[in-house]
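What follows is a single structure, written as structure tokens, with notes after it.
Every chain is numbered from 1 and lettered A, B, ... according to where its sequence line falls, protein lines coming before strand lines. Because the structure is predicted, anything quoted here is derived from the model rather than measured.
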Amino acid sequence: MPELPEVETIRRGLEPVLEGVHICDVDVRRKDLRFPFPPGFAAKIKGRRVLSVSRRAKYLLIALDDGQVLVSHLGMSGSWRVDEWASGNSFEYPRSGKPAHDHFVMQAGRGGNMFRITYNDPRRFGFLLLCHASELESHPLICKLGIEPMGNMLSGDFLQSAFANKSAPLKSALLDQRIIAGLGNIYVCEALWRAGLSPMRKSAMLASPDMQAKIAASKLADAIRGVIADAIAAGGSHLRDYVQTDGALGYFQHSFSVYGREKLPCPQCGTPVKRIVQAGRSTFYCENCQM
DNA sequence: CGGCATACCTGCAAGC
DNA sequence: TGCTTGCAGGTATGCC
């Protein structure tokens with residue numbers, strides 16, 4: 001479910017709830033998600049205070065007051081939910097009952113407010129781990145990540161040097177987290193459509209020194225930045241108060257140009273959108289607009 | 001090494 | 001209606 005814009009939206013929802021809370025109870029309800037929980041996982045979190053909620057690529061980073069960082073990756077179906085209730089009462093689930101697949105629950109308080117912060121993940125491709133802040137950058141899952149698509153590094157020049165000599169199609173290269181970290185299947189499809197570039201184009205074609213390639217690379221960088229910014233803006237508009245209750249795509253899913261729109265008309269030219277499979281993943285594109 | 005298929009797991013929609 | 005099938009937004013692994 002979540003690509004970078006969804007993770008950023010969840011981060012913005014969690015930040016005002018979590019910052020400063022005292023974690024008074026932690027409940028780990030499975031022995032594993034994608035990875036096994038290490039022994040003592042809950043005990044290392046219990047009693048801590050949350051300093052900040054940040055993000056690197058699709059990873060949520062919850063910094064604790066003893067130097068540990070709770071790292072959360074949502075996989076395909078993970079989400080965080082916050083329930084608030086009045087201090088002094090015990091928590092009660094709404095009448096609809098306890099949701100399935102709540103795997104990790106923290107109870108936390110700040111002032112007179114009590115929060116229950118729950119990680120839910122039906123497919124269990126996500127994971128939670130603890131890492132010391134000083135070792136985060138060298139963590140095997142983090143250290144190979146490429147640049148942030150919202151950061152200053154992303155430019156036509158960057159793409160030209162990153163794609164030089166790469167034989168992989170643009171679709172695969174953009175999904176490669178070691179180059180740009182945080183793009184997933186949806187936003188790669190959308191960015192390529194905005195840039196008017198075929199997902200099958202060899203990446204190296206963008207790296208040639210001629211003006212045409214330079215323009216295409218720069219257009220692609222702008223398209224990536226734009227599609228991510230638009231999706232975050234749409235996700236942000238989905239925030240209610242301080243709580244983002246799930247990892248839904250917000251309103252941006254209503255403005256996909258090609259993703260999930262096989263046989264529907266291209267918004268630009270009306271040609272039916274094509275679906276193909278590349279490296280085992282669906283690719284949606286317009287064969288008329290994307291060359 | 002790069003690039004691709006596969007595995008992990010559950011839920012859901014489409015098709016019969 | 002109820003079953004089967006295929007597909008899903010991510011990442012690590014192993015194979016060529």
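Between His139(A) and Cys131(A), the shortest heavy-atom contact is CD2-SG, 4.0 Å.
For the 3.5 Å distance criterion, the side chains of Ser198(A) and Gln290(A) fail to qualify, holding no donor opposite an acceptor.
For Leu141(A), the side-chain atoms get nearest to dA12(C) when compared with the rest of dG11(B), dA12(C), dA8(C). Side-chain proximity of Met76(A) to the nucleotides dA8(C), dG11(B), dC9(B) is greatest for dA8(C). Comparing atom distances between the Arg281(A) side chain and each of dG10(C), dC7(C), dG11(B) picks out dG10(C) as nearest.
Close to dG10(C), at under 4.0 Å from its OP1 or OP2, lies no side-chain N or O of His73(A). For Lys58(A) and dT11(C), the shortest distance from a side-chain N or O to OP1 or OP2 is below 4.0 Å. For Ser282(A) and dA8(C), the shortest distance from a side-chain N or O to OP1 or OP2 is below 4.0 Å.
Looking at Thr9(A), its side chain does come within 3.5 Å of a backbone N or O of Pro5(A) through a donor-acceptor pair.
The only option from Pro265(A), Ser257(A), Pro267(A), Cys269(A) that meets the side-chain contact (heavy atoms from CB on, under 4.5 Å) definition with Cys286(A) turns out to be Cys269(A).
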What dot-bracket string describes DNA chain B from 5' to 3', counting Watson-Crick and G-U wobble pairs whose defining distances are under 3.5 Å, with [ ] for crossing pairs and | for pairs to another strand? .|||||||.|||||||

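Annotation: the span from Leu51(A) atom CG to Gln68(A) atom CD amounts to 11.0 Å, rounded to 0.5 Å.
One finds no salt bridge joining Glu19(A) and Arg110(A) here, because no Lys/Arg side-chain nitrogen approaches an Asp/Glu carboxylate oxygen to under 4.0 Å.
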Between the protein and nucleotides 3-7 of chain B, list the N/O to N/O atom pairs that are separated by less than 3.5 angstrom.
{"from": "dG3(B)", "atom 1": "OP1", "to": "Ser167(A)", "atom 2": "N", "distance (Å)": "3.0"}
{"from": "dG3(B)", "atom 1": "OP1", "to": "Ser167(A)", "atom 2": "OG", "distance (Å)": "2.8"}
{"from": "dG3(B)", "atom 1": "OP1", "to": "Ala168(A)", "atom 2": "N", "distance (Å)": "2.8"}
{"from": "dG3(B)", "atom 1": "OP2", "to": "Lys166(A)", "atom 2": "NZ", "distance (Å)": "3.0"}

